[in-house]
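Since we're looking at a predicted model, the values are computed, not measured. Below, each value reflects all heavy atoms present in this structure, side chains not excepted, and no hydrogens, waters or symmetry copies. Counting begins at 1 with the first residue of the sequence.
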Amino acid sequence: MKYTPELLDKVIKESYEDNHIDFKENFNWHKFNDYNKTKLAKHIAAISNMPDGGMLIFGVSDSKLIVGLSSEDLESIDRTWIDNHLSQYLDPLPNYNMKTVEYESKKLLIFEVEEFITVPTICKRDYPDVLRAGGVYHRKHASSMIIQDSSSMHELLELAVKKKKEALLTSIENILDR
């Protein structure tokens, strides 16, 4: 996705944190402790379990103040390190892209998190006060949390069944086209 100033205005200034957009002020992988790194895993898991996914935008405060990221922060970005940490806690590993953009003369980091492909993302390992093994996370009221009610679980299962049905129909069409 190309992030024009107009699009960023719409996403940051004209909207609010919701189930698809989460603002984070800081990002520095080298300075993050395990707690912060694992909270990132929780947010990515939760967004991946939402219809159409969403984004985490680093360099923006909860009050939508553009604080930006330093060059040191940006140099700390390493997809391999992030994937290694995420894979310790999440299964399957969600699909996401990271993009650095300039906005109001400041650098932002955007994690574009895709909706899960066929199976919702679950947590496979505990981390005290952040993640629970076996937990399925989602976004509700602009927060990343474990699914706690039947209607939320029903929505997620319906999405998974719909995806499986589409994959099955595609497979059948491919067989018939041969």
Side-chain angles (χ1 to χ4, degrees), residues 1-32 35-87 89-90 92-121 130 136-145 147 152 155-156 158-160 162-163 166-167 170:
M1 175 179 292
K2 181 152 174 60
Y3 292 98
T4 63
E6 296 78 23
L7 177 59
L8 289 168
D9 279 345
K10 185 174 180 158
V11 170
I12 296 170
K13 292 187 175 177
E14 297 173 20
S15 67
Y16 300 92
E17 284 189 319
D18 61 19
N19 294 339
H20 300 278
I21 299 171
D22 198 357
F23 301 130
K24 300 293 175 196
E25 196 165 326
N26 302 311
F27 184 96
N28 188 308
W29 194 256
H30 300 311
K31 292 181 180 178
F32 275 1
Y35 176 83
N36 294 115
K37 292 175 181 178
T38 306
K39 281 194 74 161
L40 175 65
K42 175 180 158 181
H43 293 306
I44 288 175
I47 292 172
S48 76
N49 287 333
M50 298 303 297
D52 302 319
M55 61 180 68
L56 290 159
I57 304 174
F58 291 89
V60 179
S61 72
D62 285 339
S63 62
K64 301 198 277 186
L65 176 68
I66 310 303
V67 295
L69 299 175
S70 70
S71 56
E72 178 188 0
D73 296 335
L74 297 173
E75 289 168 10
S76 78
I77 300 166
D78 186 303
R79 177 71 186 239
T80 302
W81 292 339
I82 295 168
D83 282 352
N84 286 342
H85 190 80
L86 295 177
S87 66
Y89 294 95
L90 307 179
L93 185 64
N95 289 330
Y96 67 95
N97 293 305
M98 296 183 294
K99 294 189 177 176
T100 303
V101 299
E102 189 165 316
Y103 180 65
E104 295 187 354
S105 301
K106 297 191 177 161
K107 297 284 187 182
L108 305 179
L109 173 63
I110 300 175
F111 277 71
E112 300 170 333
V113 182
E114 296 177 19
E115 171 185 305
F116 67 89
I117 296 173
T118 55
V119 178
T121 303
V130 180
V136 179
Y137 291 80
H138 71 144
R139 299 272 300 165
K140 187 170 186 176
H141 308 299
S143 293
S144 298
M145 62 180 62
I147 291 181
S152 295
E155 288 173 14
L156 182 64
E158 273 188 340
L159 183 58
K162 178 183 170 197
K163 288 174 155 286
E166 289 170 358
T170 299

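The NE2 atom of H138 lies 12.5 Å from the CD1 atom of I47; values are rounded to the nearest 0.5 Å. Rounding to the nearest 0.5 Å places CD1 of I66 at 10.5 Å from CD of E25. Taken from CD1 in I21 to CG in L56, the straight-line distance is 10.5 Å, to the nearest 0.5 Å. Note that CG of L108 and CZ of F58 are 11.5 Å apart. Values are rounded to the nearest 0.5 Å. Atoms OG and CD, from S70 and E75 in turn, are 8.0 Å apart once rounded to the nearest 0.5 Å. T4 OG1 to K2 NZ: the interatomic distance, rounded to the nearest 0.5 Å, is 7.5 Å.
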query: Between H85 and L40, is a side-chain contact (heavy atoms from CB on, under 4.5 Å) present by the stated rule, with each step listed?
result: CA-CA 10 Å; H85 190 80; L40 175 65; over 6 Å; no

message: Set out, in order, the CA-CA distance, both residues' side-chain angles and the distance that settles side-chain contact (heavy atoms from CB on, under 4.5 Å) for M98 and I77, then state yes or no.
response: CA-CA 9 Å; M98 296 183 294; I77 300 166; 3.7 Å; yes

- prompt: Between K37 and Y89, does a side-chain contact (heavy atoms from CB on, under 4.5 Å) hold up when you go through it step by step?
  reply: CA-CA 11 Å; K37 292 175 181 178; Y89 294 95; over 6 Å; no

Stepwise side-chain contact (heavy atoms from CB on, under 4.5 Å) check, I44 with T121: CA-CA 9 Å; I44 288 175; T121 303; over 6 Å; no

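The local environment of NZ in K64 is crowded, with over 12 non-hydrogen atoms from other residues, nucleotides or ligands closer than 6.0 Å. Sparse packing is recorded around NZ of K10, with 12 or fewer heavy atoms of other residues, nucleotides or ligands lying under 6.0 Å away.
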Would you tabulate the side-chain donor-acceptor contacts of residues 112-120 under 3.5 Å, counting partners in other chains and residues two or more places apart, or write 'none'?
residue	atom	partner	partner atom	Å
E112	OE2	Y3	OH	2.4
E115	OE1	D52	N	2.5
E115	OE2	K163	NZ	2.9

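For the pair M55/H20, no side-chain contact is recorded, criterion being any heavy-atom separation below 4.5 Å from C-beta on. L8 has its side chain within reach of I110: a pair of non-hydrogen atoms, C-beta onward, lies under 4.5 Å apart. Between E104 and K13 there is a side-chain heavy-atom pair separated by less than 4.5 Å.
When only modelled atom types and interatomic distance are considered, H43 and S144 share a side-chain donor-acceptor pair under 3.5 Å. For the residue pair D73 and S76, no side-chain donor N or O sits within less than 3.5 Å of a side-chain acceptor on the partner.
Heavy-atom minimum distance, P94 versus L90: CD-CD1, 3.9 Å. Pairing each heavy atom of L156 with each of N49, the nearest pair is CD1-O, 3.4 Å. In terms of heavy-atom proximity, E17 sits nearest to F23 at OE2-N, 2.7 Å.
Ion pairing between E155 and K140 fails under the 4.0 Å rule for side-chain N and carboxylate O. A salt bridge links D22 with R139: the distance from a Lys NZ or Arg NE/NH1/NH2 to an Asp or Glu carboxylate oxygen falls below 4.0 Å.
Using bins of under 30°, 30° to 60° and over 60° for the plane-to-plane angle, the ring pair F111/Y96 lands in the parallel bin.
Side-chain atoms of N19 come within 3.5 Å of backbone N or O of A142 as a donor-acceptor pair.
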